[in-house]
Number of protein chains: 2
Amino acid sequence: MEPFKPDQTDIGILRLLQEDGKMPYKELAEKLGKSINPINERIKRLKAEGYISATVALLDLQKLGGTFIAFPHINLTNHLESTMSLFMAKMVEYPEVMECYHLTGHYDFMLKVVMPSMAHYNTFLKEKITILPYVGNVQSFLALSEVKRKMTYPYL
Amino acid sequence: MEPFKPDQTDIGILRLLQEDGKMPYKELAEKLGKSINPINERIKRLKAEGYISATVALLDLQKLGGTFIAFPHINLTNHLESTMSLFMAKMVEYPEVMECYHLTGHYDFMLKVVMPSMAHYNTFLKEKITILPYVGNVQSFLALSEVKRKMTYPYL
DNA sequence: ACTGAAAGGCAGCCGTT
DNA sequence: AACGGCTGCCTTTCAGT
């Protein structure tokens, strides 16, 4: 089983689909100079191989009550492999945690959480983050506004 | 013109579409106990009113060369309205900037950038960020790994 | 691996309640 | 605002190159 590597046509498909995930295969075929069938097959393969992880609707959270965005920066009290795994498993489990990154430097982890209010956030921090025995310092960076947010990776 | 507010059926549609943006309207109709037509009309309205901003394919950037993720935290040298606007316009313009947030506290702005390598990042910082005359201190937080990233807002 | 055509399914629009 | 039926387009599959 030779490992699958996307060629230029595949990259073209990915470029277009990350801007419009519902673009008709007919239109993709025209823009890429192929017929519908290879487009269909390539997309199927790109999904199967995990290059396309999902197709989702992006919502305007501001309009839907998600007015409070915070980026807690977190330090653990130790850096054992087992402690890190425990923490990461918790973050994956918590639905409030939209994103979690393992960092270098001053902080070990950074989260992104979106909530209806600061009150929700305080409760979240108290009951789900600082309560964890291996969590040390937590510094909360709060967002006044979301200036930009896009999903399209420009280096494809 | 009374302002449009999504009801429970609309919320149900949004919940489902933010997990699978290509779910057939037939399936949405069944899960929500309605027929296809109202689903179609509601989705059209939700898009027109901006509750659904786009439907996009989520790509596995790790597999596609986007291995370097950084979160530069930026301070401006002054906080005039005109300076802030100028900076934000630049961030919106730069394709490398995936996200940009206006913060409270120690830093004025935080960006998210995804790039093929640290070399790209250094070039980006030098030529597009620190070169701006109104940019003061920049602290780069680098991601070792992306532990979690999802698009579904849990408070719908 | 791509082409072309054919079949099934779904979205979009109608009139109606 | 939602229903049911109709039309047209899109996705999917199959046979052929």
Side-chain angles (χ1 to χ4, degrees), chain A residues 1-65 150-153 155-156, chain B residues 1-61 63-65 151-153 155-156:
Chain A
M1 203 75 80
E2 34 184 303
F4 169 67
K5 268 291 167 190
D7 63 13
Q8 276 313 108
T9 303
D10 292 313
I11 300 297
I13 291 173
L14 295 176
R15 273 210 197 93
L16 291 166
L17 287 184
Q18 75 174 341
E19 296 203 345
D20 179 4
K22 294 193 78 171
M23 182 178 290
Y25 293 8
K26 184 185 177 183
E27 192 176 339
L28 287 167
E30 288 167 2
K31 295 197 175 182
L32 297 171
K34 297 249 187 297
S35 72
I36 293 180
N37 220 318
I39 301 294
N40 188 350
E41 287 165 6
R42 283 162 180 272
I43 291 176
K44 211 177 297 178
R45 194 173 21 169
L46 288 166
K47 285 181 179 171
E49 300 281 345
Y51 287 88
I52 299 175
S53 54
T55 299
V56 303
L58 299 181
L59 309 186
D60 184 336
L61 300 186
Q62 188 77 27
K63 288 191 174 182
L64 291 162
K150 64 162 184 146
M151 295 293 114
T152 58
Y153 178 57
Y155 287 94
L156 273 184
Chain B
M1 204 74 80
E2 33 186 302
F4 169 66
K5 267 293 167 190
D7 63 13
Q8 276 313 109
T9 303
D10 292 312
I11 299 298
I13 291 173
L14 295 176
R15 272 211 197 90
L16 291 165
L17 286 184
Q18 75 173 340
E19 296 202 346
D20 179 4
K22 292 194 80 171
M23 181 177 292
Y25 293 9
K26 184 185 177 184
E27 191 176 339
L28 287 166
E30 287 166 2
K31 295 197 176 183
L32 297 171
K34 297 250 186 294
S35 72
I36 292 180
N37 228 317
I39 301 295
N40 189 345
E41 288 165 6
R42 283 162 180 273
I43 291 176
K44 210 178 298 176
R45 195 173 20 168
L46 288 166
K47 285 181 180 171
E49 301 281 344
Y51 287 88
I52 299 175
S53 54
T55 298
V56 303
L58 299 181
L59 309 186
D60 185 335
L61 300 185
K63 288 191 173 181
L64 290 162
M151 293 293 114
T152 58
Y153 178 57
Y155 287 93
L156 273 185

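Naming: A, B, ... by sequence-line order, numbering from 1 per chain. Below, each value reflects all heavy atoms present in this structure, side chains not excepted, and no hydrogens, waters or symmetry copies.
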>> So, using side-chain contact (heavy atoms from CB on, under 4.5 Å) as the criterion, who are the partners of Glu19(A) when residues are at least two apart?
In response: Thr152(A)

Got a list of side-chain donor-acceptor pairs under 3.5 Å for residues 47-59 of chain B, not counting sequence neighbours?
residue: Tyr51(B); atom: OH; partner: Phe4(B); partner atom: O; Å: 3.4
residue: Ser53(B); atom: OG; partner: Leu58(A); partner atom: O; Å: 3.1

>> Output the pairing pattern of DNA chain C as a dot-bracket string, 5' first, Watson-Crick or G-U wobble with both distances under 3.5 Å, | for cross-strand pairs, [ ] for crossing pairs.
In response: |||||||||||.|||||

> With a 4.0 Å cut-off on heavy atoms, is Pro38(A) in touch with a base, just the backbone sugar-phosphate, or nothing at all?
Replying inline: base

>> Using a strict heavy-atom distance below 4.0 Å, which residues from residues 9-21 of chain B are in contact with DNA chain D?
In response: none

Hey, what are the protein-to-nucleotides 14-17 of chain D N/O distances that come in under 3.5 Å?
residue: dC14(D); atom: N4; partner: Asn37(A); partner atom: ND2; Å: 2.6

> Hey, which of these two, Lys22(B) or Gly33(A), hits DNA chain C nearer its 5' end, going by closest nucleotide?
Replying inline: Gly33(A)

>> Test of understanding: with salt bridge (charged side-chain N to carboxylate O under 4.0 Å, His left out), list the residues that count as partners of Glu27(B), not counting sequence neighbours.
In response: Lys31(B)

Show every donor-acceptor pair shorter than 3.5 Å between a side-chain atom in residues 5-13 of chain B and any protein atom, with sequence neighbours excluded, or say none if there are none.
residue: Asp7(B); atom: OD1; partner: Thr9(B); partner atom: N; Å: 3.0
residue: Asp7(B); atom: OD1; partner: Asp10(B); partner atom: N; Å: 2.9
residue: Asp7(B); atom: OD1; partner: Arg42(B); partner atom: NH1; Å: 2.9
residue: Asp7(B); atom: OD2; partner: Arg42(B); partner atom: NH1; Å: 3.2
residue: Asp7(B); atom: OD2; partner: Arg42(B); partner atom: NH2; Å: 3.3
residue: Asp10(B); atom: OD1; partner: Arg42(B); partner atom: NH1; Å: 3.1
residue: Asp10(B); atom: OD2; partner: Asp7(B); partner atom: N; Å: 3.0
residue: Asp10(B); atom: OD2; partner: Arg42(B); partner atom: NH1; Å: 3.2

> Using atom C1' of each nucleotide, how far apart are dT17(C) and dT7(D) to the nearest Å?
Replying inline: 22 Å

> Counting just side-chain N and O atoms, does Lys44(B) come under 4.0 Å of either OP1 or OP2 of dA11(C)?
Replying inline: no

> Which pairs count as ring pair (Phe, Tyr, Trp, His ring centres under 6.0 Å) when at least one residue sits in residues 5-32 of chain B, sequence neighbours excluded?
Replying inline: none

>> By the 4.0 Å heavy-atom rule, please label Ile36(A) as base, sugar-phosphate, or nothing.
In response: base

>> So, using salt bridge (charged side-chain N to carboxylate O under 4.0 Å, His left out) as the criterion, who are the partners of Lys26(A) when residues are at least two apart?
In response: none

>> List the residues meeting side-chain hydrogen bond (donor to acceptor under 3.5 Å, both in side chains) with Arg15(A), not counting sequence neighbours, and say none if there are none.
In response: none

